> 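Here it is, the structure in full.
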Protein chains: 2
Amino acid sequence: MSLNPADSAFLDRVASRVGTGVLSEPEPRYLEEPRGRFAGQAGAVAKPRSVEEVAALVRLCNESSVPVVPYGGGTGLVGGQVKGEGVVPLVISLERMRAIRDVFPEENVLNAEAGAVLEAVQAAAQEADRLFPLSLAAQGSCQIGGNLATNAGGVNVLRYGNARDLCLGLEAVLPNGEIWHGLSRLRKDNTGYDLKNLLIGAEGSLGIITAASLKLFARPVGEGTALMAVPSVAAALDLLAITRDHVGEAVSAFELIRREGLDFLAETMPEVRQPFAEKPDWCVLIDLGLGAGQEPQSVLEEIFATALERDLVLDGLIAQSESQRGDFWSVRESIPLANRKIGAILSNDISIPISRIAEFVVEGHGALAKLGSLRINAFGHLGDGNLHYNVYPPKGENRNDYNHLIDDVKDIVNGLVHKYNGSISAEHGIGRMKTGELERFGDPVKLATMRAIKAALDPNGIMNPGVVLKV
Amino acid sequence: MSLNPADSAFLDRVASRVGTGVLSEPEPRYLEEPRGRFAGQAGAVAKPRSVEEVAALVRLCNESSVPVVPYGGGTGLVGGQVKGEGVVPLVISLERMRAIRDVFPEENVLNAEAGAVLEAVQAAAQEADRLFPLSLAAQGSCQIGGNLATNAGGVNVLRYGNARDLCLGLEAVLPNGEIWHGLSRLRKDNTGYDLKNLLIGAEGSLGIITAASLKLFARPVGEGTALMAVPSVAAALDLLAITRDHVGEAVSAFELIRREGLDFLAETMPEVRQPFAEKPDWCVLIDLGLGAGQEPQSVLEEIFATALERDLVLDGLIAQSESQRGDFWSVRESIPLANRKIGAILSNDISIPISRIAEFVVEGHGALAKLGSLRINAFGHLGDGNLHYNVYPPKGENRNDYNHLIDDVKDIVNGLVHKYNGSISAEHGIGRMKTGELERFGDPVKLATMRAIKAALDPNGIMNPGVVLKV
């Protein structure tokens, strides 16, 4: 299985087949990723306007064994969108395929092309008085095709599920250049293998998603948001249980924030208003989306009162207006950017069985302390068992002086995650960054099966080589 | 790819390797299916007690190219559990692997072995004060492994999803006899291809599910059930929208019942109490599972009043007690048995985009009327767009005198389903019954991809041959 570069002879052939205007020079932005850990390369960036053009491009690449890197919004955090090593690929960007093809409000279905920016999909749903609940920090630039290829998570997974759970069907180009017409408005369809879920989360290694049928939901009638300071992660989990006892499935988000996150914000983004006069060690952001007849603020007050009686909360702020809700959310949503400004030695995106998270956090803290006075910012989607568990140098020091610790930190965190039956990648995926860790910690039978599927669907190995599975 | 029978020489080898007590004579019940359309054959029925024994059996079959038929509760309706033609298989029944391995109430997770009967899984969840929502007519005998292999649906899909949506992880034996240890308590795990969803719905053709991690839910605080007579299917859909406006996601079931269903009940099961003094042409069963502070009966009264103002309901009965709820449900749940007693010319399990169901029902009625005065019982999971659309001979006549019409009825129904972008199998699967229809109506690229996956994972073609894909 040897690959050939997307060189000028190949690109000339492509240009003669797909017409002018599809190929363009690889601007630097296609060769970068947000954390600056990987740099890409590309013979050219193809910007097809239709699924047929995508199919023609992939067919040509497959005939000539030229590697393909599918490109969405470029916001992935594990290097899936940048192929820096080996044979120079053709990058296929979906950015021109961004139409909202159809909206069926009475069926709660929306069909979007892969290049539609997540915010545009959310807006199209809202225009039809519906909710498309996928929501994450990069929503202003990430694309729905990339969201699906990586099975994106975000802040509303607790209630509505991952990207996978929000998708009814796909249109995709397979590695042989054939088009699978699998868009669907059906809620139930048991006609053969689940190709949809195989492509979702495959990070472009089994084909290119070109459009998707997405599930919409009723918009909540009453929304409310609170920030509650808690004495511990264990208390936060008890608070989640209380919240669910009060409102059941109406908990839209339950996000953990560690004091370090607030410190980093204060240090790097003083313009973000600090919610508490004194920063608590731990707090949670609770977001409710209620039906008719329930008043969010009073429900949140009841939850707070119940938790207070049981010493599970130290302080609480309930948003009194939409603008205050926005302030609370901006605290949560600014933390990843503050983190980036501080600069992590290592960022981890892990999940742990929910009942063991508190224990994990304590043990992780102890184990990492042995490496020095590192700072840990553990935050994120507590209700899903998903923490972003990032490790930073001591205050005032630079991550670049701590590169010698990366492997130690990685070993400690991954070892603990494995011990707790957790996942080394809860929502970011494997990309090119974690293929070694997947080989080390993944189930060997699953890995062998993945390789068999990859070889069967992509015998020439052209689709995003080096992603998920080592080449 | 030629298969060898599970003959006495092979069975002797098996007995010498897996020990005594695993193999048994094939009793008739393993060779039958509920509708009597297919008859099976088997060299023996193996009843392994552990995943290791399942693996040993499959390895032996794979080495000798002996076909395997995995056997759960035997309640499937499309012949997936009975191989009547070709080489005699080894049937592997999971009935001895029925342990509830673990319950994690605080995580809403339960791990069950594949042979656990669905009702036993429901009971184990209830014992932990939780709900396992998968619910269907065969729940007293179907097994969770079979439910997952066929991606079972049932009455609570509207709120909680299909079997697929209720599963967090699997333990399974793959066609080469290797064990995939994929049980998981994690809500988020993006580490590689979605093998779980590939096995779910593959109807045993890609491996044998031996255990599953299942999602549990909070039990609703207040439950209520109503039967409402509606003037048309279109009105039923409007009533569903009204119901959702009132209670959002708390609609647990929304089941359509046609007058024929009530007639069949009266004719064959007079012991089931008829709910309405005069049988309506159409009615719906509405089931709500509400949170604290909402009173089911008054909510249902409000829904009825709103619908009455808009002429969407003709009559309504709201259950006043648990026993009356049981009576209402027994009407719905007895219809499949009454149907079987009447005897259908053809039973269909279809789904249609929800907004087009009413139109489909009218057009289907018109098209079938051209074949004679056939009776149609269209009923089921209206909220999911899923109808059981069964066609019967005129009253007093026998289905066996109408076999000459089967193909015509099938062509009319499938043709209409295809025209409306529906599915020819919403929840029952393809089995051995619908492989021809899948080839005719399925997307050819998807079918080719399915064949490539099957060949990659099961190169000797031993796993449930003839199911889903024609051999």
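Just so you know, these numbers come straight off a predicted model, no measurement behind them. The chains referred to below are lettered A, B, ... by the order of the sequence lines, with proteins before strands, and numbering in each begins at 1. Excluded from the calculations below are hydrogen atoms, water molecules and symmetry mates; all remaining heavy atoms, backbone and side chain alike, are included.
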> Is A:Val157 close to chain B through its backbone or its side chain, or both, or neither, when contacts mean heavy atoms under 4.5 Å?
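Side chain only.
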> Considering non-hydrogen atoms only, spot the tightest contact between B:Lys188 and A:Ser423 and give its length.
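Heavy atoms only, the tightest pair is O-CB, 4.1 Å.
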> If you take all heavy atoms of A:Ala456 and B:Ala456, which pair is closest and at what distance?
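The pair with the smallest heavy-atom distance is CB-CB, 3.5 Å.
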> Identify which part of A:Thr150 has an atom lying under 4.5 Å from any heavy atom of chain B, answering side chain, backbone, both or neither.
backbone
> Looking only at heavy atoms, which two atoms of B:Arg185 and A:Ser355 are closest? And how far apart?
NH2-OG, 3.8 Å
> Between B:Asn386 and chain A, which part of the residue has a heavy atom less than 4.5 Å away: side chain, backbone, both or neither?
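Just its side chain gets close to chain A.
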> State the CG-OG1 distance between A:Asn176 and B:Thr449, to the nearest 0.5 angstrom.
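Going from the CG atom of A:Asn176 to the OG1 atom of B:Thr449 covers 7.0 Å.
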> Can you tell me how far NE2 of B:His381 sits from CZ of A:Arg187, rounded to the nearest 0.5 angstrom?
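If I round to the nearest 0.5 Å, the distance is 15.5 Å.
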> Measure distances from B:Asp443 to the heavy atoms of chain A and classify the residue's part below 4.5 Å as side chain, backbone, both or neither.
side chain
> For a side-chain hydrogen bond (donor to acceptor under 3.5 Å, both in side chains) check, start with the C-alpha distance between A:Ser205 and B:Tyr193, then their side-chain angles and the critical distance, and finish with the verdict.
CA-CA 10 Å; A:Ser205 68; B:Tyr193 302 163; 2.8 Å; yes
> Examine whether an atom of A:Ala202 lies under 4.5 Å from a heavy atom of chain B, and if so say whether it belongs to the side chain, the backbone or both; otherwise answer neither.
both
> Over all heavy atoms of both residues, which pair between B:Ile430 and A:Gly192 is shortest? Give the atoms and the distance, please.
CG1-N, 4.0 Å
> Do the non-hydrogen side-chain atoms of A:Glu437 and B:Thr191 ever get within less than 4.5 Å of each other?
no
> Pick one of side chain, backbone, both or neither for A:Asn162, based on which atoms fall under 4.5 Å of a heavy atom in chain B.
side chain
> Is any side-chain heavy atom of A:Asp194 less than 4.5 Å from a side-chain heavy atom of B:Arg164?
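Yes; the side chains approach each other to less than 4.5 Å.
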> For the residue pair A:Leu174 and B:Val445, establish whether any side-chain heavy-atom pair is separated by less than 4.5 Å.
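A:Leu174 reaches B:Val445 side chain to side chain.
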> Side chain, backbone, both or neither: which part of B:Ala452 has a non-hydrogen atom closer than 4.5 Å to chain A?
both
> Chain A heavy atoms under 4.5 Å from B:Leu469: which part of the residue, side chain, backbone, both or neither?
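Contact with chain A involves the side chain of B:Leu469 alone.
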